Number of protein chains: 2
Amino acid sequence: MLDAAVKVFSRRGYHGASMDEIADDAGISKPMVYAYLGTKEELFVACLHREGTRMMQAIADVVAPDLSADERLWRSLQAFLGFVGAHRDGWAVLYRQARGEQPFAGELTALRRRIVEVVAGMLEHTLRSEGREVTETELEVVAYALVGATESVADWLVDHPEADPEQTATRMMNVAWVGAAQLLAGTSWRPPNRRGEAPS
Amino acid sequence: MLDAAVKVFSRRGYHGASMDEIADDAGISKPMVYAYLGTKEELFVACLHREGTRMMQAIADVVAPDLSADERLWRSLQAFLGFVGAHRDGWAVLYRQARGEQPFAGELTALRRRIVEVVAGMLEHTLRSEGREVTETELEVVAYALVGATESVADWLVDHPEADPEQTATRMMNVAWVGAAQLLAGTSWRPPNRRGEAPS
DNA sequence: GCGTAACCCTACGCACGAGTAGGTATGCTC
DNA sequence: GAGCATACCTACTCGTGCGTAGGGTTACGC
């Protein structure tokens with residue numbers, strides 16, 4: 001039944017989806033939806049939570065803490081893009097719909113923050129183990145960039161059903177890791193002849 | 001007057017914003033809004049177009065075709081993040097609101113596609129000039145990743161008003177360019193001991 | 001065969017907000 | 001100062017869609 005809701009929400013958006021259509025799609029009538037899932041808002045939150053939990057679980061299932069950083073990143077990417085490929089509707093709800101709607105933006109931000117923190121933590125751990133220091137903000141921005149890049153690629157994947165998630169993950173890894181590896185190794189880019197702007 | 005609309009749309013979202021509130025915020029009454037800007041949908045599209053055009057213009061103003069690839073990327077990033085920093089509301093409308101609403105998602109996708117194509121074109125030009133071949137899809141995914149990373153960092157910037165756009169651009173450049181430069185140089189990452197998956 | 005209870009539906013009330021009709025003030029022409 | 005146009009507002013209509021009230025149907029107990 002949540003499946004029907006996710007499907008309709010993903011197609012129409014939160015406001016565009018009518019409870020009638022969801023009920024219709026689920027093969028039951030509206031009062032039943034209210035009886036089982038509560039109001040529209042609660043229903044949407046339920047969808048959000050289920051999809052969010054599923055996604056996090058899909059990643060957690062394949063990531064062991066004793067793996068190397070690049071292996072963990074690779075597995076996460078694989079799991080994540082595999083998940084998105086298999087649950088395109090769910091991802092569309094999470095990523096495209098929930099972000100704009102004020103009542104739910106908070107939920108989403110929290111989920112996203114957890115992911116960013118995991119990525120930042122991974123980077124930080126690797127950096128510290130090599131004795132390099134780095135500011136909190138610096139890490140956060142890099143983590144945001146990596147997460148955003150991945151989300152964007154996931155979005156691309158949703159619109160290209162013929163694409164192979166695993167191959168896409170490899171491509172993504174090329175951008176993320178080859179870049180990150182350089183950063184971790186201490187390579188950094190600096191602005192050309194202007195007022196020097198130390199990257200903190 | 002469009003400023004008021006953008007402000008309200010960014011705070012409430014497309015559906016959440018009432019024409020009354022927009023009119024109120026602009027200091028005029030509702031029929032005036034209809035007289036000048038037309039229906040709510042037209043009004044939103046007008047906002048979208050203005051912000052989109054402004055953004056593209058801000059970037060076009062600082063990018064000359066005779067610059068090196070990294071210089072162009074750097075200037076674009078600077079201009080883009082500077083723009084977002086100066087027009088947080090506008091960016092919120094473009095990025096957070098318009099994406100989810102079916103009637104406008106197309107507009108947005110078109111804008112985004114143009115940006116992705118520019119980035120992909122830049123990458124391709126650099127690659128070809130070094131004699132390397134690469135598939136269309138490969139380029140597209142990398143471009144999507146870079147664009148998504150930048151959008152994500154822009155999003156971060158919106159939520160951190162105290163951050164300096166230029167410094168953030170430098171950080172972003174570190175991720176994007178250091179990674180991209182490696183890719184351009186031919187370095188690539190491959191999955192560990194599994195069924196070999198040539199990155200095409 | 002009649003009470004009743006679980007289950008589900010059709011059909012409605014009601015609020016909210018987009019878009020408009022009709023009226024009022026200000027200024028300009030002659 | 002009468003006629004008229006422009007600029008704007010208050011106050012309405014009307015559609016849409018959330019949430020619910022009240023009725024029908026099936027199955028079981030007695």
Side-chain angles (χ1 to χ4, degrees), chain A residues 1-52 89-90 92-94 96-108, chain B residues 1-52 89-90 92-94 96-108:
Chain A
M1 162 153 13
L2 276 175
D3 290 334
V6 168
K7 189 171 132 199
V8 176
F9 278 135
S10 78
R11 275 210 310 267
R12 308 274 195 218
Y14 176 68
H15 288 280
S18 75
M19 292 300 263
D20 293 271
E21 186 174 359
I22 293 172
D24 213 46
D25 211 279
I28 56 176
S29 72
K30 204 159 50 141
M32 286 302 98
V33 178
Y34 280 90
Y36 290 128
L37 280 313
T39 71
K40 188 180 188 180
E41 193 164 323
E42 287 165 346
L43 172 58
F44 192 73
V45 170
C47 292
L48 230 52
H49 275 139
R50 194 186 60 160
E51 297 301 320
D89 287 347
V93 170
L94 280 172
R96 293 186 183 169
Q97 308 301 337
R99 175 158 289 181
E101 312 293 342
Q102 258 53 26
F104 318 113
E107 293 282 336
L108 246 281
Chain B
M1 163 155 8
L2 276 175
D3 290 335
V6 167
K7 188 170 132 199
V8 176
F9 278 135
S10 77
R11 275 208 311 266
R12 307 274 194 218
Y14 176 68
H15 288 281
S18 75
M19 293 299 263
D20 293 272
E21 186 174 358
I22 293 172
D24 214 45
D25 211 278
I28 56 176
S29 73
K30 202 159 51 141
M32 286 302 97
V33 178
Y34 280 90
Y36 290 129
L37 280 313
T39 71
K40 187 180 188 182
E41 193 164 323
E42 288 165 346
L43 173 57
F44 192 74
V45 170
C47 291
L48 231 52
H49 275 136
R50 193 186 60 159
E51 298 301 318
D89 287 348
V93 170
L94 279 172
R96 294 185 182 168
Q97 308 301 338
R99 177 160 285 182
E101 312 293 343
Q102 259 54 26
F104 316 114
E107 293 282 338
L108 247 281

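So you know, we letter chains A, B, ... as the sequences are listed, proteins then strands, and number each from 1. Because only heavy atoms are used, hydrogens play no part in the values below, and waters and symmetry mates are left out as well, while side chains stay in. Please read all numbers here as calculations on a predicted model, not as lab measurements.
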(message) Is the ring pair B/F44/B/F104 parallel, tilted or perpendicular, if the boundaries are 30 and 60 degrees?
(response)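 Plane angle between 30° and 60°, so tilted.
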
(request) Calculate the interatomic distance between A/E21 atom CD and D/dT16 atom C1'; express it in whole Å. (result)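 That distance rounds to 14 Å.
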
(message) What's the separation between atom CD in B/Q97 and atom CD in A/Q102, rounded to the nearest 0.5 Å?
(response)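 It comes to 5.5 Å.
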
(request) Determine, for B/D89 against B/K7, whether the closest basic-nitrogen to carboxylate-oxygen distance falls under 4.0 angstrom. (result) no

(message) Has A/E101 got a side-chain atom pairing as donor or acceptor with B/G13's backbone, closer than 3.5 angstrom?
(response) no

(request) For each nucleotide in nucleotides 8-21 of chain C, reading 5' to 3', give B when a protein heavy atom comes within less than 4.0 Å of its base, S when such contact involves only the sugar-phosphate, and - otherwise. (result) BBB-------BBBB

(request) Verify the distance criterion only: is there a donor paired with an acceptor across the side chains of A/E107 and A/H49 at less than 3.5 Å? (result) yes

